[in-house]
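Worth saying up front: this structure is predicted, and the values here are computed from it rather than measured.
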Amino acid sequence: MSYTVRFFGKIADLTGSAQTQMPFATGLQELILELQKQYPALQGQTYLVTVNRQVRDIEGGLNPGDEIALLPPFSGG
């Protein structure tokens with residue numbers, strides 16, 4: 001089992017990809033740590049994390065089939 005992780009904006013630029021597949025993780029924090037190992041440029045960056053299009057706390061768990069996205073800071077007017 002793996003998760004699809006999508007990257008947007010500056011985060012996609014830093015990773016050089018719009019998405020990746022990551023192996024199963026028990027929680028969101030574990031998944032983020034694995035992403036930072038694979039993409040060291042993510043360390044120290046600010047971004048929102050969504051699971052199934054809902055903003056989530058890093059302490060949350062994950063379920064098989066969840067779609068994760070990393071979104072850069074944004075503002076609107």
Side-chain angles (χ1 to χ4, degrees):
M1 173 60 66
S2 65
Y3 298 104
T4 298
V5 181
R6 299 184 189 277
F7 306 115
F8 293 90
K10 179 182 176 183
I11 304 302
D13 293 341
L14 291 172
T15 62
S17 178
Q19 75 178 36
T20 190
Q21 294 292 323
M22 293 297 292
F24 184 77
T26 58
L28 196 50
Q29 187 171 21
E30 180 184 349
L31 183 75
I32 296 300
L33 290 173
E34 287 300 316
L35 283 168
Q36 289 177 349
K37 286 181 190 175
Q38 186 171 339
Y39 303 103
L42 290 177
Q43 295 178 11
Q45 296 297 315
T46 301
Y47 48 83
L48 287 175
V49 179
T50 66
V51 177
N52 301 324
R53 299 183 181 183
Q54 299 289 322
V55 175
R56 292 277 297 274
D57 186 326
I58 193 95
E59 300 299 322
L62 293 171
N63 296 307
D66 282 346
E67 181 182 87
I68 295 96
L70 274 58
L71 308 164
F74 55 89
S75 62

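To the nearest 0.5 Å, atom CD of residue Q36 and atom CD of residue Q45 are 10.0 Å apart. The CG atom of N63 sits 7.0 Å away from the OH atom of Y3 when rounded to the nearest 0.5 Å. Atoms CD and OG1, from E34 and T20 in turn, are 11.5 Å apart once rounded to the nearest 0.5 Å. Summarising the geometry, atom CG belonging to L35 is positioned 6.5 Å from atom CG belonging to L42; distances are rounded to the nearest 0.5 Å.
Counting heavy atoms from C-beta outward, L70 and I32 have side chains that approach closer than 4.5 Å. Using a 4.5 Å heavy-atom threshold, the side chains of S2 and F24 count as separate.
L33 and Y47 are not part of a single hydrophobic cluster, where members link through side-chain heavy atoms under 4.5 Å apart.
The backbone N or O of T26 sits less than 3.5 Å from a side-chain atom of E30, completing a donor-acceptor pair. Between the R53 side chain and the E67 main chain, no donor and acceptor come within less than 3.5 Å of each other. A donor-acceptor pair under 3.5 Å is absent between the side-chain atoms of Y39 and the main chain of I11, judged by distance alone.
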key: Derivation and outcome, side chain to side chain contact (heavy atoms under 4.5 Å, CB included), residues E59 and L28   = CA-CA 6 Å; E59 300 299 322; L28 196 50; over 6 Å; no
message = Would F7 and I68 count as a side chain to side chain contact (heavy atoms under 4.5 Å, CB included) here? Give the steps.
response = CA-CA 9 Å; F7 306 115; I68 295 96; over 6 Å; no
ask   = Yes or no on side-chain hydrogen bond (donor to acceptor under 3.5 Å, both in side chains) for Q19 and T4, after CA distance, side-chain angles and deciding distance?
value = CA-CA 7 Å; Q19 75 178 36; T4 298; 5.4 Å; no
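Residues passing the side-chain contact (heavy atoms from CB on, under 4.5 Å) test with S17, sequence neighbours excluded: T15. With sequence neighbours excluded, the residues that form a side-chain contact (heavy atoms from CB on, under 4.5 Å) with T50 are V55, A69, L71.
The minimum heavy-atom distance between R56 and G61, with the atom names listed, is NH2-O, 2.6 Å. For the residue pair T46 and P73, the shortest heavy atom distance occurs at O-CD, 3.2 Å.
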